[in-house]
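A quick write-up on the structure given underneath.
Every chain is numbered from 1, with letters handed out A, B, ... down the list of sequences.
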Amino acid sequence: MTVRPALPSAEQQADMMAVVLARRLRDGERVFHGVASPLPMVACLVAQRLHAPNLVYLNITGSANPVPETLPASTVDPRLLRETRSLVTLAELFDLSARGELDTVFLSGVQIDAGGRINMSAIGPYDHPKVRLPGGAGSAALMPTARRTLLWRTKHDPRTFVERVEFVTAVGNVDRVVTPLCVFKRVDGRLRVEEIYPYTTPEAVRAATGFAVDADETTPVAPPVSDTERAALDAVDPHHVRLIEFA
Amino acid sequence: MTVRPALPSAEQQADMMAVVLARRLRDGERVFHGVASPLPMVACLVAQRLHAPNLVYLNITGSANPVPETLPASTVDPRLLRETRSLVTLAELFDLSARGELDTVFLSGVQIDAGGRINMSAIGPYDHPKVRLPGGAGSAALMPTARRTLLWRTKHDPRTFVERVEFVTAVGNVDRVVTPLCVFKRVDGRLRVEEIYPYTTPEAVRAATGFAVDADETTPVAPPVSDTERAALDAVDPHHVRLIEFA
Amino acid sequence: MRDKRANLRDVVTSVPDGASIALGGNTLHRAPCAFVHELVRQQKHSLTVIKTAASYDVDLLAGTGCIARAEVAFVGFENVFGLAPRYRRAIETGQLQLKEHACYTVISGLRASAQGVPFMPVAGMFGSDVVAKSDFRTIEDPFTGHPVVAVPALRPDVAVVHVQEADAEGNARIYGTRFEDALIAQAAQRVIITCERIVDGSVLATRPELTAIPGYLVEAVVEAPRGAWPLSCADEYDYDHEFLAAYIRAAQDDAVYAAFVEQHVLAPTVAA
Amino acid sequence: MRDKRANLRDVVTSVPDGASIALGGNTLHRAPCAFVHELVRQQKHSLTVIKTAASYDVDLLAGTGCIARAEVAFVGFENVFGLAPRYRRAIETGQLQLKEHACYTVISGLRASAQGVPFMPVAGMFGSDVVAKSDFRTIEDPFTGHPVVAVPALRPDVAVVHVQEADAEGNARIYGTRFEDALIAQAAQRVIITCERIVDGSVLATRPELTAIPGYLVEAVVEAPRGAWPLSCADEYDYDHEFLAAYIRAAQDDAVYAAFVEQHVLAPTVAA
C-alpha cells in the first residue's frame, strides 16, 4: 500500500493550483474573476504567457488584459488597470455573463458540495448563524449564466467538501473544481476526481473529501509543474502573491 | 367688432413664441428638449439670461447648460456640447424623467387635440397612412413621466388643433400649449385659452382652432416682447435660427 | 486580442439578407453612413433596421429597398429638411413594415437584450396607441401589483457604430455624445466598428475611461475616414448641407432619385 | 447651477437616523470613508447600508451600531485580512439584519429605481437560496412565458460617492474604475459627493466624457482630501495596510475595539 506523503508546502500547493487552473483556460475565451481571487488572477496571466495569448482576461476592476507591474493582494485593486484599453462598470461585466457571452468565470465557496453547489453565506442556521460568511458576491448571478464555472478552493478537508451545503448561495454551470490535492470534474451533476496531484495519493484525496469519491490507483495524476510553467509563474508573480490564499 | 389684423410676420410669431415659452420656465428647474426643437432651445437660453439663471438646461445631446457659440439648426448638434461639464446618454435622460426628476419637457405634435394628446405618427389610417409622420421620438415615454409638458406648435389652424387626434402617439402631463396665436392651458383635461398675443384677436384664435375654445374680449392678452426680452433674443439667437421652424 | 481590422466590402458581405441591424448615431449625426452606402451597393434586401432617431441613413435604406422592416421612434431631417421622403413613401405604399417605438422603448428592448432577460419594464407609455400597435404588454409589478408596460428584448443581429478612433482590437473611443452606441453594441450578437482613424492601442490605454465600446465585444473594425458623411461627426466635420438638400430634392421623383443614388451612392467614389 | 460646496459635518447632520445609504466604491477601494467616519462621530443609528461589495466601511458601521440593516452581496477584507469581524459579529448576535444579495441583484434593484420602474428582471439566480431568503420573486416573461427572477426597486435615501475631482456644482470626475457609483447616484433620492479636491468647472468642460456623475443629480459636494482613507483611491493613494491590520486586531475584543474607534475615528483628527 501507498504511504501517505508529507503534506506538501503551501508553495507547492499554490504553484500546482495556479498551473492547473491555467491549464484549464482556452485560447481566445473570455475569462472573469471577481473579488478575493489571487489564484485566478495568476492563472489568467500565466495562461496568456503560455498557450492562451488571445485569452481575454477580465476582472472586477472592469479592465481587459491588464499588464500589472506588481500583483495586488486585493483583486479589485487599481493595479489591475495598468495598460487596459477599456474600462467597464461591474454592471456591464455581469450583463456580459447574463447574455451568455462570458466563457469562464472563477468562483469559490467556503463549502462546496458533491453537486458543485457553493455556500458563501452562513455556517449554522442561516438566520442565527454560527459563522456569518462574506456572501457570494457575484456567484448566484454568474454560475447559472457563464458558459462554465471553474471553482477553486485552497482548503481540501471534509468540512469544506461536503455531501450537501447547508445553504445554497449559488449553483450553476460548474465544470471543474480545483483544490490543493486534485481536480474534480462535474459529470452528470456530481463531482468526480479527474486527476490528483503528484504529491498526493488517492487515499489522501478520499480522506480529505466529505463525500464519496472514486479516486483510486487508476486515477490519472496531473503532470507536475513544468519548467516553462515555472518560468511563467516566476515572471507573472515573482513575489508569490498567490501564497496569500494559504495564509 | 374687431377687425382681424394682418397675419403677423414669421419673425413676429417666432419671437413671440420663443419669449412666451421662456416666460413659462422657472428658475432652478430641470428642462429638457429633444430633436427638432429650435424654439425650446432658444427659450431655455433666453430664460437663463433673464429670470432663470439656475435653470438646468438639458437636451438630447446629453449636455447640461451648454454655451453654444452659434445655434445649430439641428437640436442634436455637437454645437450644443460647448462648455458642458457633463455628458450623459439618451437612456440616462429618459431615466431622469422616468423617475420623476425631470421638471419640464418640451414636445410638439403635428396634430394636437382638445385633451392635449399629440399625433406624430400618421395622418389617415395608421396601417395605410395618407401621410406617415416622423414618429413621436421620446414623447410617449416623457409626457406621462415628466412633471409637466410644454407643447409648442408653429402652425395654428383647424387641421392642426383638432377635437380628437386620429392616433394618440403620446398623452400625459400637458401644462401649456404655445402656438403662434395664443397659449392654451390644460384645465380639467381640456385645453383652454390662457392668453392671446397682442397681434391677434379672440375671433382669429377661435377661427384657427378645430375645437371649441372660450376666447373672447375678456381673454387676457400676453405682454408684447419687452426690450430686455428682445435683447436676450438677439444675444442668444442673432442669426434667427428660430425662424427655421416657420420655413 | 487578435487584429480585427477589415475592409468595408468584406464586412458588409458578411451581413446576410434578412439580418436585423442596429445603427449608431442620432438623426443627422455620427451614423455609420459609409457602411449604409455599402449595404446599398451590395443590394442587400429584407433587412430590419433598429434605431431610436434616424434621418438620411434609414431614408436611403428605405428608398433603395434594402430594409423591409423598421423598429424606430423617429425618422426625419429635423427642421433642416423636414420629413424623410423615401421612408414616408415606403410606409405609405406598404413596402416597409414599421414597428413604431418611443426612443425609450427601443432603449428598453436593447437593455433587456444586453442584460440577458426576455423583457424590460418601462416607465411611461400609458395612453399611447403605440403600446397596442407595437404589441407591448401591460403587466403587474409582482411586488405591488401596480401596472407597468413591458417591452420585449430587442436583439440586433448586427450593431454598426461609427466612431472617431478605434484600435486594431476594436476598442472604440467616442468623443462627444455617445447616444445609444454602447448599448447597441452590448445588445447585438455581432458588433462592427467603423472609425475615422485606427489608432495604436497605447493611445486608448492612456485614458481607458474614454473607450465607449470594449474591443472584446467587437468582431471587426473598419477604417472609414468621413464614414459618417453626409452626416456629422463630432470634432471632425459637420453634416453636408448641400448634399442633403440635393438628396431631398431628388427624392421627390422616383427617376431622379434613382439617378441620384446611382451617381452618389452606387458610384464607388462616394466615400472619397 | 448653484454652488453646492458644503462641509462634512453639516452634510452628515442632514442625514436622518433610519435613512438608507448607498456607499460608493468596492471592497478596499474608493469608499467614502471620511463620510462614514462622520456618521460614526455623530452616532447615527438605525441606518440601512446598500452596497455590492464592502469591507472596512460597512464593518465599522456595524461595529459602532450605526446600521440596523444591510443590503449587500459581500462584506470582507478579501484575502488581505479575511472575514469582516464586526459585521460578522453583528449578524451572528442578531444586531444587524441582513438582506442578502448577489452583486447583480443590488445592481438590478438600483437599475429599477434609476429607471423609475417597480422591479427589474434579472438573469441567473436560479437555484440560489438567496432568492427565497431575500424575497425576490420568480415571474413569467409576458411574451414567452419563460421564468425569470424579479428584484424590487432599491431606492436609497442617500447615495454617497467619493471621487478624485468635482466642481462646485457637483459634477464628479472619476479616474479608474467607476464601480456602481454612477448607478447609485441615479437611483438615490439624494446624492452627496466627497472628493479629493474641488476643481474649476472649466477643467471638467475640457473633457466632459470623464464626468461620471452630472452635477444636476448632486445635492452637496464636500472637499475631503484622503476621503477614502484607510481604503485606496485610484491615482491618489493605496489602502493603509498597517491601519487596517490594527483595525482587524482590535476588532477581536470589544473593549480594545471601542478604544480603537475612540482613538482613530471619534478623534476629529482622523481625516487629517
Side-chain angles (χ1 to χ4, degrees), chain A residues 34-38 60-63 72-81 87-91 93-95 97-100 117 119-122 124 126-146 165 167-172 241 244-247, chain D residues 25-30 52-53 55 72-80 82-84 87-94 96 98 100-108 110-111 122-131 133 149 175-183 232-235 238-239 241:
Chain A
V35 302
S37 305
I60 194 164
T61 67
S63 70
S74 158
T75 59
V76 195
D77 197 284
R79 289 175 180 81
L80 288 179
L81 299 180
L87 204 50
V88 300
T89 63
L90 269 60
L93 291 163
F94 290 116
D95 291 342
S97 184
R99 58 183 187 264
R117 304 174 199 83
N119 177 13
M120 285 285 284
S121 301
Y126 183 85
D127 297 316
H128 302 88
K130 191 162 144 302
V131 182
R132 171 62 214 185
L133 301 171
S139 56
L142 295 169
M143 275 178 83
T145 57
V165 289
F167 183 88
V168 180
T169 304
V171 58
V241 168
I244 198 173
E245 288 203 51
F246 295 83
Chain D
N26 190 280
T27 64
L28 299 170
H29 311 283
R30 213 167 41 67
T52 55
S55 66
V72 293
F74 178 93
V75 181
F77 291 76
E78 297 191 80
N79 305 92
V80 185
L83 296 180
Y87 167 80
R88 240 193 87 174
R89 189 82 45 86
I91 292 176
E92 291 163 6
T93 58
L96 177 63
L98 170 67
E100 184 166 3
H101 279 266
C103 292
Y104 203 35
T105 60
V106 173
I107 288 166
S108 298
L110 293 169
R111 278 173 160 169
V122 56
M125 301 306 296
F126 296 115
S128 170
D129 290 338
V130 170
V131 173
K133 280 292 178 190
V149 171
Y175 295 99
T177 310
R178 293 182 177 189
F179 303 117
E180 287 81 48
D181 293 2
L183 178 59
S232 90
C233 186
D235 298 0
D238 200 350
Y239 56 83
H241 193 285

Interchain contact, D/Ala84 with chain A, by part (heavy-atom threshold 4.5 Å): neither
Side chain / backbone / both / neither for D/Asp235 at chain A, heavy atoms under 4.5 Å: neither
Spacing of D/Leu98 atom CG and D/Ile91 atom CD1 [to the nearest 0.5 Å]: 4.5 Å
Residue part contacting chain D, namely of A/Ser139, when any heavy atom lies under 4.5 Å: neither
A/Ser121, part contacting chain D, at a heavy-atom distance under 4.5 Å: both
Steps toward side-chain contact (heavy atoms from CB on, under 4.5 Å) verdict (A/Thr89, D/Leu183): CA-CA 10 Å; A/Thr89 63; D/Leu183 178 59; over 6 Å; no
Non-hydrogen atoms of D/Ala73 and D/Ala102 that approach each other most closely: CB-C, 3.4 Å
Closest heavy-atom pair and its distance - D/Asn79, A/Pro38: OD1-CD, 3.0 Å
Portion of A/Ala137 that has a non-hydrogen atom of chain D nearer than 4.5 angstrom: both
Segment of D/Arg111 engaging chain A (4.5 angstrom heavy-atom cut-off): side chain
Region of A/Pro134 in contact with chain D, defined by heavy-atom distances below 4.5 Å: both
Chain A contact via D/Glu180 - side chain, backbone, both or neither, heavy atoms under 4.5 Å: side chain
Contact winner vs chain A - D/Arg178, D/Glu100, D/Met125, heavy-atom pairs under 4.5 Å: D/Glu100
Residue pair A/Ser74 / D/His29, side-chain donor-acceptor N/O under 3.5 Å: yes
Proximal component of A/Thr75, with respect to chain D [non-hydrogen, under 4.5 Å]: both
Atom group of A/Leu81 that falls short of 4.5 Å from chain D, counting heavy atoms: side chain
Modelled atom types, side-chain donor and acceptor of A/Thr61 and D/Thr177, under 3.5 Å: no
Side chain, backbone, both or neither of A/Asp95 within contact of chain D (heavy atoms, under 4.5 Å): both
Top contributor to chain A contacts, counting heavy-atom pairs under 4.5 Å, from D/Phe179, D/Tyr104, D/Phe126: D/Tyr104
Separation between OG1 of D/Thr27 and CD of D/Glu78, rounded to the nearest 0.5 Å: 4.0 Å
Shortest non-hydrogen separation from A/Ile244 to A/Ala73 and the atoms involved: CD1-CB, 3.6 Å
Toward chain D, the part of A/Arg79 with a non-hydrogen atom under 4.5 Å: side chain
D/Leu110, part contacting chain A, at a heavy-atom distance under 4.5 Å: neither
side-chain contact (heavy atoms from CB on, under 4.5 Å) evaluation trace for A/Phe94 with D/Val122: CA-CA 10 Å; A/Phe94 290 116; D/Val122 56; over 6 Å; no
Among the listed options A/Arg99, A/Lys130, A/Met120, A/His128, the residue most often paired with chain D at heavy-atom distances under 4.5 Å: A/Lys130
A/Arg132 side chain near A/Tyr126 side chain, heavy-atom distance below 4.5 Å: yes
Closest contact, heavy atoms only, D/Ala123 versus A/Ala98: CB-CB, 3.6 Å
Max heavy-atom pair count under 4.5 Å with chain A, selected residue of D/Val80, D/Thr52, D/Val149: D/Val80
From D/Asn26 atom CG to D/Cys103 atom SG, the distance as rounded to the nearest 0.5 Å: 7.0 Å
Partner chain D: residue of A/Asn119, A/Leu93, A/Val88, A/Leu90 with the largest heavy-atom pair count (under 4.5 Å): A/Leu90
Closest-packed option against chain A by number of heavy-atom pairs under 4.5 Å, given D/Phe77, D/Phe74, D/Tyr239: D/Phe74
Side chains of A/Pro72 and A/Leu80 in contact at under 4.5 Å (non-hydrogen atoms): yes
Chain D contacts, top residue of A/Asp127, A/Ile60, A/Leu142, A/Leu133 (heavy-atom pairs, under 4.5 Å): A/Asp127
Heavy-atom pairs under 4.5 Å with chain A, option from D/Val72, D/Asp238, D/Thr105, D/Leu28 with the top count: D/Asp238
